[in-house]
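The next block holds one structure in the form of C-alpha cells; read it before the comments.
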There are 2 protein chains.
Amino acid sequence: MSSRTKIKALLESGKTDIDVTVKGWVRTFRNNQFIALNDGSTNNNLQIVVDFENTDPALLKRITTGAALSVSGKLVASLGKGQSVDVKATSIEILGDSDPEKYPLQPKKHSLEFLREIAHLRFRTNTFGAIFRVRNTLSFAIHTFFQERGFVYLHTPVITASDAEGAGETFHVTNFDLANPPKTETGEIDFKQDFFGRATNLTVSGQLEGELGAMALSDIYTFGPTFRAENSNTTRHLAEFWMIEPEMAFYDLKDNADLAEELLKYVIRYALDKNKDDIEFLSQRLLDEEKQKPQQDRSELNLLEKLQFCLDNNFERLTYTEAIEILKESTPNKKKKFQYLIEGWGTDLQSEHERYLVEKHFKKPVILTDYPKEIKSFYMRQNDDGKTVAAMDILFPGIGEIVGGSQREERLDKLEQRMDEIGIPKDELWWYLDTRRYGGCPHAGFGLGFERLVLFVTGMGNIRDVIPFPRFPKNAEF
Amino acid sequence: MSSRTKIKALLESGKTDIDVTVKGWVRTFRNNQFIALNDGSTNNNLQIVVDFENTDPALLKRITTGAALSVSGKLVASLGKGQSVDVKATSIEILGDSDPEKYPLQPKKHSLEFLREIAHLRFRTNTFGAIFRVRNTLSFAIHTFFQERGFVYLHTPVITASDAEGAGETFHVTNFDLANPPKTETGEIDFKQDFFGRATNLTVSGQLEGELGAMALSDIYTFGPTFRAENSNTTRHLAEFWMIEPEMAFYDLKDNADLAEELLKYVIRYALDKNKDDIEFLSQRLLDEEKQKPQQDRSELNLLEKLQFCLDNNFERLTYTEAIEILKESTPNKKKKFQYLIEGWGTDLQSEHERYLVEKHFKKPVILTDYPKEIKSFYMRQNDDGKTVAAMDILFPGIGEIVGGSQREERLDKLEQRMDEIGIPKDELWWYLDTRRYGGCPHAGFGLGFERLVLFVTGMGNIRDVIPFPRFPKNAEF
C-alpha cells in the first residue's frame, strides 16, 4: 500500500511544505472544511483542510465521525489556533464509512460506564487512547528496567495443579463435558481422565515457579496474567489481571524494598518522559471530573504533581508494629471514625487504615514491613521474634496495596514446620522444597499488580477502565 | 546484604587485582582446590581457587555440586586454561548445602527426558541456562522491535466467551463445583449461574480483540499465552504456549509479509548479538547430538550458520498455487515417497510438503500466500478470483509453520456472507462486525508461535524443552 506517515511523527517532524499521506479516523468535521483526523499514534489530532469548493459533495457527505480516510496533501504551517501544522488536502479517499446516525461514539462526552459497554470502540476516544498508550509504555518500561539489570523474563505456567499460595478461589480448567464428567467407582469426578490427568486451575501467582528460576539464574521476573475467582464487584478488583513478579537470589528484605521502590520510580518517570501529552490530557480529565465533587473531596495535587511527588520523595518505611501504634493513636481511631477500630497488635490492616497512613499521616507512598506471621503466607521468612515475617507491602495514595512481597523462607526446617502448622501439603510442593534441599540461599521477591500501577499513573478511578477487555463477575464480553 | 558482582559483569570487566564478592552455585569442585561457580548470568563458570591448606576441612566437605556459596577474594589473571580470570578466595560461606548423594543433578551428562522430569532444577544446567537466557532475549527483542515502530502492546483477554476462530478444542473455564453444577429446568448446565454468567474458555488467539485495538491505535501487538486442548503428543505442540500477534491498520498482505520477515530477522540478529556465548554452546550441543545420527541425517549447516543464513537471504515468496505445481512435479511426489500425494489444487499442505519446499527445494525460509479459502479462516480477505484468500504462512527449516497471518476481510458484506457459509454466529461477534460497520479499513496481521521461534534459535528438537514448565496431555507438574 502507498506508504503513510503516522500523525505523531508528522507533528514532531517540524517540517512544512512537504507532500504527505496520512491515514486515520475522523474525530470531527467542521464547516465542511476542517477534519480532525486521529490515527492512534498520539492524542493530538491532525487538522486536514478540505478544499470544499472543489470537492465532490457526495464525498463531503461521507466524511463523518468515525470514518476511515486516506488523505494526501501538503503539510503547511497552520493559520488556525491549537495546532502548528495542517494538511491541505489534495486527495481524500474514504476507506470505510461510518453512518453518523448509528455510530455509537458521537462527538460529545460519553460516560465511562457507557464506554465500558462498547469497549471495542472506546480505544477511539481521547481518554482511552491515552490510557492504552500509557499502559503500553509502562509495560515496556518494566521490561526495560529488568533487562538493564540482567533479570531473565520467565514465562511461568498459567494452568497449574496447585493452589499452593492459598491466595483465594481459583477457576477450574477442564476438558470435560461439564454435563457429563467421568466418575470413579465411588462416584467422584475422575480427574485422571481429564486433559492433564489431574484437577487443574488458573494460576493465582507465578511466584513459586519463579523462585525455581531464581535458584539457578539469580534474578528473574514474570509478567503475565493471573486470576481470582472472587465475587468482588469493586473498582479495584478484576477476575483476570496482569502481575509482575520478580524473584531475586541473594536478596534480603531491604534489597527487595529498594528494588521495588526503584522500579516504581523508574516506570513512572519513563511514562512521564514518553507520554507527556497523554498524561497531561489525563490530568486535565481528572481535574474536570473532580470539579463535580465538593471542594474537600478533591485531590490536593493534580495527577502530574502527584506523579512528580512520588519521584521526588523516598517512600516511608516502617514496620507493621510501628504502623499499629500510629493508627491506635490516630484521631479517626480515637474518635471511632474507622469502621474497624485498631485495638491491638495482630489484625490485618483494612483499606481505611492504609489510606490513613498514606494519605493523611505520611502523605506519601509507604512501605510496611514485618507483619504478623498469622496474616501472611507460609513462604515468608520467619523473623527471630517468632511472631513476624519478613513481609513488605507498598501502599500508594488512592490505590492502596500496589506491591506485596517478602524475603522467602529458605530454611527447610522452618518452612516445613510452617507448612505443617497451616496444613499445606508438602508432597504437592516437593519441587518447591527441593530448592531448599539443594543449594538454597537467602532470596526475596514481590508482586506488582500491573493494573493498579496503570490506575495510579493514569489517574483513573476504576480498574475496569485500564485493561482493554475487563473480566469481572457476570462479564466476559468481547 | 553485602553487595555482590554478577559473574557475567565480572568476566566482561577486564579488571584484575580487585576485591570481589560473588555468589552462586557450585557446578564442580576439583582437587579440593578449584570451584566452578555459576550464578546464571552467563554460561561461563567462574573459577574459584581455594587455599585448601588453610581452609577448615569441614567446610571443604560442604563444597559440593549444587551448593550455594558466597565467596570473597581477589580477582586475578588465571594461570589455568579455559578462563582469563580466577578468584583467589579469602573467605567462603556456605549459603545452602547440597547433599551429593541425593542431588539429582550429578556432574555428568543427563538426558533431556530426565531433565524434563526435574524441570525445577534443569535451569541449573548449561543447556537450559542457555535456552532460557536466549528465550529471555528473544522476548525483549520482540518488544523492542514493535516499540521502535510505534506499536501498542495490547493485553487481550485470556478468558473468553467465544471460540470464534474455530481454531480447535478449547479448555473450559468455570467456577462450578464440577461434581454438581447447577442445571436448568430442562436439565442443561445453567451457565447463567457460572462466574461470568455464560460458558467461558481459554483463548486460542488474541487476534479478533487485537483487531479492535488496531482499528483505533493503528498498530498493536499482543504477546501472551494461548491454549489448545488438543491431544497431540508431538515435539511441536503444547497445550499452553505464547503467541505474538500484531495487527496493523492500513496494511495489505505484502506489508504484512514484509513486517513478519523484518521481525524474524531482527530478533534472530538480536539474539546472536546478545547471547553469542549461549548460542555457540547450543550449536556445539547440537553438533554433539547429531554425531549420534547417520551422516545423511545430519544438518548441512550448524546452528550458527543456519541462523546467519536466515539473516543473509530473502525469504522465498510464492503462492500456494505455485507451491502445488512444484510439489506435484517433485521427485518424492512422482516416486510416491510422500505419505500424502499431491494430486491437485485445494488440499492443505502437510508437514512433509512444507519441509520439502523449505529444506529441499528452496533451502531457505518460505512465505506461502493466497491459500484456498476452504482451508483457511473466515476472517481472511477474499481475493478477486473467488477461490483464494490473502493468507500467508511462513515456513522455517526444521520447524515448519512459524508464522500464520493474513490480510483481514474489511468488507462487511463479504465477511458476513463467509460467516454465514461456514456457520459462524454473527450475533456472538457483533463487536467484531462493528469495526467493519464504522470506519473499517484495509488491515492485516499475523501470529508468531513464540516457542517455535525459540526452538529455531536454540536448535532444540522438542518444544517441551524451550518453555520453563511445559503443559501437555497428562502433564501439569510444577
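Residue numbering restarts at 1 for every chain, and letters A, B, ... go by the order of the sequence lines. When reading the values below, keep in mind they use all heavy atoms of this one structure, side chains included, and skip hydrogens, waters and symmetry mates. Only a predicted model underlies this, so the values are computations on that prediction, with no experimental measurement involved.
Looking at heavy atoms from C-beta onward, P468(A) lies out of side-chain contact with T156(B) at the 4.5 angstrom threshold. Put simply, the side chain of F227(B) does not reach to within 4.5 Å of the side chain of V173(A), judged on heavy atoms. In this structure, the side chains of R133(B) and V152(A) come closer than 4.5 Å at one or more pairs of heavy atoms. Within the 4.5 Å cutoff, side-chain heavy atoms of F191(A) are placed close to those of L178(B). Using a 4.5 Å heavy-atom cutoff, the side chains of F250(B) and S70(A) are not in contact. With contacts defined as side-chain heavy-atom distances shorter than 4.5 Å, the pair L202(B)/V158(A) does not qualify.
Residues passing the side-chain contact (heavy atoms from CB on, under 4.5 Å) test with R27(A) are A36(A), N38(A), N45(A), N126(A), sequence neighbours excluded. Every residue two or more places apart in sequence or in another chain was checked for a side-chain hydrogen bond (donor to acceptor under 3.5 Å, both in side chains) with S139(A), and none qualifies.
Rounded to the nearest 0.5 angstrom, N180(B) CG and I189(A) CD1 are separated by 9.0 Å. Atom CG of D434(B) sits about 9.5 Å away from atom OH of Y103(A), to the nearest 0.5 Å. In this structure, CG on N136(A) lies 9.0 Å from CG on L154(B), to the nearest 0.5 angstrom.
When heavy atoms are compared at a cutoff of 4.5 Å, R411(A) does not approach chain B at all. The part of Q193(A) that comes within reach of chain B is its backbone (N, CA, C, O), which places non-hydrogen atoms under 4.5 angstrom from that chain. Neither the backbone nor the side chain of T65(B) comes within contact range of chain A; no heavy atoms are under 4.5 Å apart. Heavy atoms closer than 4.5 Å to chain A are found in the side chain of P225(B), but not in its backbone. Of the atoms belonging to A199(A), not a single heavy atom falls under 4.5 Å from chain B. Looking at E209(B), the atoms closer than 4.5 Å to chain A (heavy atoms on both sides) sit in the backbone and in the side chain alike. For T174(A), the parts sitting under 4.5 Å from any heavy atom of chain B are the backbone and the side chain alike. For R62(A), no part lies near chain B; criterion is any non-hydrogen pair under 4.5 Å. Heavy atoms of D39(B) lying under 4.5 Å from chain A belong to its backbone as well as its side chain. Using a 4.5 Å cut-off between heavy atoms, N175(B) touches chain A through backbone and side chain atoms alike. Both the backbone and the side chain of T144(A) come within contact range of chain B, with heavy atoms under 4.5 Å apart. Only the backbone of F472(B) comes within less than 4.5 Å of a heavy atom in chain A; its side chain stays farther off. A67(A) touches chain B through its backbone: at least one of N, CA, C or O sits under 4.5 Å from a heavy atom, while the side chain does not. For chain A, the nearby part of P181(B) is the side chain; its heavy atoms alone come within less than 4.5 Å. For E477(A), the parts sitting under 4.5 Å from any heavy atom of chain B are the backbone and the side chain alike.
Of the possible polar contacts, none joining the K474(A) side chain to the R198(B) backbone as a donor-acceptor pair under 3.5 Å is found. Looking only at distances, a side-chain donor or acceptor of H172(A) sits under 3.5 Å from a matching main-chain atom of F176(B). Distance alone, capped at 3.5 Å, is enough to place a donor-acceptor pair between the R124(B) side chain and the M215(A) backbone.
Heavy-atom pairs under 4.5 Å with chain A were tallied for G224(B), G213(B), P470(B); the largest tally goes to G213(B). The greatest number of non-hydrogen atom pairs below 4.5 Å with chain A, out of F128(B), F140(B), F450(B), F123(B), is found for F140(B).
With S218(A) as the partner, the side-chain hydrogen bond (donor to acceptor under 3.5 Å, both in side chains) test is satisfied by one option alone out of R4(B), K8(B), K6(B): R4(B). No option in F469(A), F132(A), W242(A), F241(A) other than W242(A) meets the ring-ring contact (aromatic ring centres under 6.0 Å, His included) test with H155(B).
Relative ring orientation between F195(A) and F171(B) is described as perpendicular, the plane-to-plane angle rising above 60° on a 0-90° scale split at 30° and 60°. Relative ring orientation between H120(B) and W430(A) is described as perpendicular, the plane-to-plane angle rising above 60° on a 0-90° scale split at 30° and 60°.
Relative to the six-membered ring of Y251(B), K23(A) misses at least one condition, a distance below 6.0 Å or an angle of at most 45° to the axis.
What you find for R471(A) and F196(B) is that their closest heavy atoms are CB-CE2, 3.9 Å. The two residues A249(A) and W25(B) make their nearest non-hydrogen contact at CB-CH2, 3.9 Å. The two atoms that bring Y438(A) and K102(B) nearest to each other are OH-O, 3.3 Å, heavy atoms only. Minimum heavy-atom separation, C441(A) to A68(B): CB-CB, 4.0 Å.
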